[in-house]
Amino acid sequence: MRLVLKNIGSLLLTEHEPTPWVAGEEMASVELISNAWLVIENENIACFGEGEVIPFPDDEVLDCQGGMVMPAFCDSHTHLVYAGSREQEYEDKIRGLSYEQIAKRGGGILNSAKLLSETSEDELFEQSLPRAMDIIRMGTGAVEIKSGYGLNTADELKMLRVIKRLDGATELTIRSTFLGAHAVPASFKQDQEKYVRLVIEEMIPAVAEEDLADYIDVFCDRGFFTVEQSASILEAGAKYGMMPKIHANELDYSGGVQLGVRHHARSVDHLEFMGEEEIAVLKESATMSTLLPGASLFLGMSYAPARMMIEAGLPVALASDYNPGSSPSGNMELVMSLGIIQLKMLPYEVLNAVTRNGAYAMGLEETHGSITVGKVANLIITEAMPGFGFMPYAYGSSQIKKMILNGKIQS
Ligand code: NIG
Ligand code: FE
């Protein structure tokens with residue numbers, strides 16, 4: 001059966017030929033059709049156009065009542081599988097401890113690892129499923145989810161199995177990332193190299209054996225993993241077919257960006273510390289720059305220099321970083337607002353950053369991220385709005401009226 005959307009005020013981000021990403025000044029433009037219709041068939045976008053549509057007798061018809069239709073968000077960086085929560089760390093922050101100081105005291109990621117080790121796989125799934133359902137309501141259709149709160153083989157596998165179960169249990173398109181090198185467990189503090197060997201020799205083969213990860217990631221930053229350690233982990237993952245993504249330059253000029261590019265990373269993420277050298281190497285690469293303004297907001301730290309990057313001609317993606325420590329929210333409408341308010345991006349730049357460029361950062365650019373015939377019908381239907389810019393402008397409120405994922409209307 002077909003699903004026909006009629007009375008679309010504006011159909012945003014149409015593409016006749018899908019482009020892998022948009023960069024530089026092209027980020028500020030978006031093609032749209034006013035007064036449009038769209039037809040979905042077999043989970044995919046079958047056709048779309050301007051004006052009136054005449055449905056077939058058997059078609060299901062959805063009246064969009066002048067609302068906009070746009071691609072569902074592609075949130076390319078999250079850690080939404082975790083146990084418990086860490087709101088108690090607020091107090092430490094308010095008392096003046098930094099993110100790094102909290103981590104050094106066994107708080108932060110190690111706190112989440114302890115909670116996760118005490119939680120069964122079923123319980124972890126039960127805790128994570130509402131977060132996955134929640135991001136659908138907030139407009140996300142495709143999401144990348146990382147492990148990294150296990151920090152031992154059994155618990156890393158537990159997380160990745162839960163990610164796989166979420167893929168089966170929801171209409172989200174999910175890409176999974178193995179992030180065993182997220183932090184060094186306390187028991188390895190005296191011998192970090194030994195933990196790196198455990199990641200390489202035991203965890204990566206075990207993850208590959210069960211085919212649980214599309215990507216491999218490392219937290220390559222001051223106080224976490226060095227460039228050399230990160231390089232050996234990315235290389236080991238690549239041997240098992242896991243493509244690199246990397247947490248880089250959140251806390252310092254860590255060399256992580258250059259490392260990511262050398263290893264053909266799909267994306268380098270965070271990028272609060274960016275200089276001319278980092279920008280120059282990214283310009284010559286096929287690596288997406290992914291910025292996470294929610295983490296800067298929550299930690300009260302600096303924001304990535306998005307304007308400088310876009311003006312240098314780079315493509316930029318925005319993602320939520322949904323995690324219990326530095327960004328406990330998967331709200332991509334809020335991420336768009338932060339893109340405008342804090343990163344000084346233009347409305348269409350943020351729209352491209354949370355759709356097409358986010359899809360590229362997950363390797364989904366051929367199937368997601370734009371309104372293109374043949375792509376998966378993952379769509380947001382909005383309330384009637386004066387223009388797209390109203391959505392990020394009206395920060396803290398939602399303009400999302402309905403979600404369609406894989407061609408199905410979500411309740
Ligand atoms: O992307 N930077 C490293 N990892 C996460 C934070 C994880 C946590 O604090 O639990 C991030 O911000
Ligand atoms: Fe992260």
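Position 1 is the first residue of the sequence; numbering continues from there. We count ligands from 1, going down the list as the structure has it; atoms in each ligand are counted the same way. Quantities reported herein were computed from a predicted structural model and do not represent experimental measurements.
- Side-chain N or O atoms of Glu156 include none that pairs as donor or acceptor with a backbone N or O of Met203 at under 3.5 Å.
- Listed by chain and number, residues touching ligand 1 at under 4.0 Å (heavy atoms only) are His77, His79, Arg86, Tyr99, Ile109, Tyr149, His182, Phe219, His247, Glu250, His270, Asp321, Asn323, Gly325, Ser326.
- With hydrogens and angles disregarded, no donor-acceptor distance shorter than 3.5 Å links the side chain of Arg356 to the backbone of Trp21.
- A cation-pi arrangement is absent between Arg222 and Phe273, since the terminal nitrogen or guanidinium carbon is not both under 6.0 Å from the aromatic centre and inside a 45° cone about the axis.
- Around the Fe ion (ligand 2), the protein contributes the following N, O or S atoms under 2.8 Å, ordered by chain and number: His77 NE2, His79 NE2, His247 NE2, Asp321 OD1.
- Within a 6.0 Å sphere centred on NZ of Lys194, other residues, nucleotides and ligands contribute 12 heavy atoms or fewer.
- Neither side chain, Gln410 nor Glu171, offers a donor N or O lying under 3.5 Å from an acceptor on the other.
- Take Tyr240 and apply the ring pair (Phe, Tyr, Trp, His ring centres under 6.0 Å) test, not counting sequence neighbours, and it matches no residue.
- Looking at Ser267 and Lys245, their side chains do bring a donor and an acceptor atom within 3.5 Å of each other.
- Crowding of Glu366 atom CD: a count of heavy atoms from other residues, nucleotides or ligands under 6.0 Å not exceeding 12.
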Only distances under 3.5 Å count here; give the side-chain donor-acceptor pairs of residues 24-43 to other protein atoms, sequence neighbours excluded, each with its distance to 0.1 Å.
from  : atom 1 : to    : atom 2 : distance (Å)
Ser29 : OG     : Glu26 : O      : 3.3
Trp37 : NE1    : Glu50 : O      : 3.4

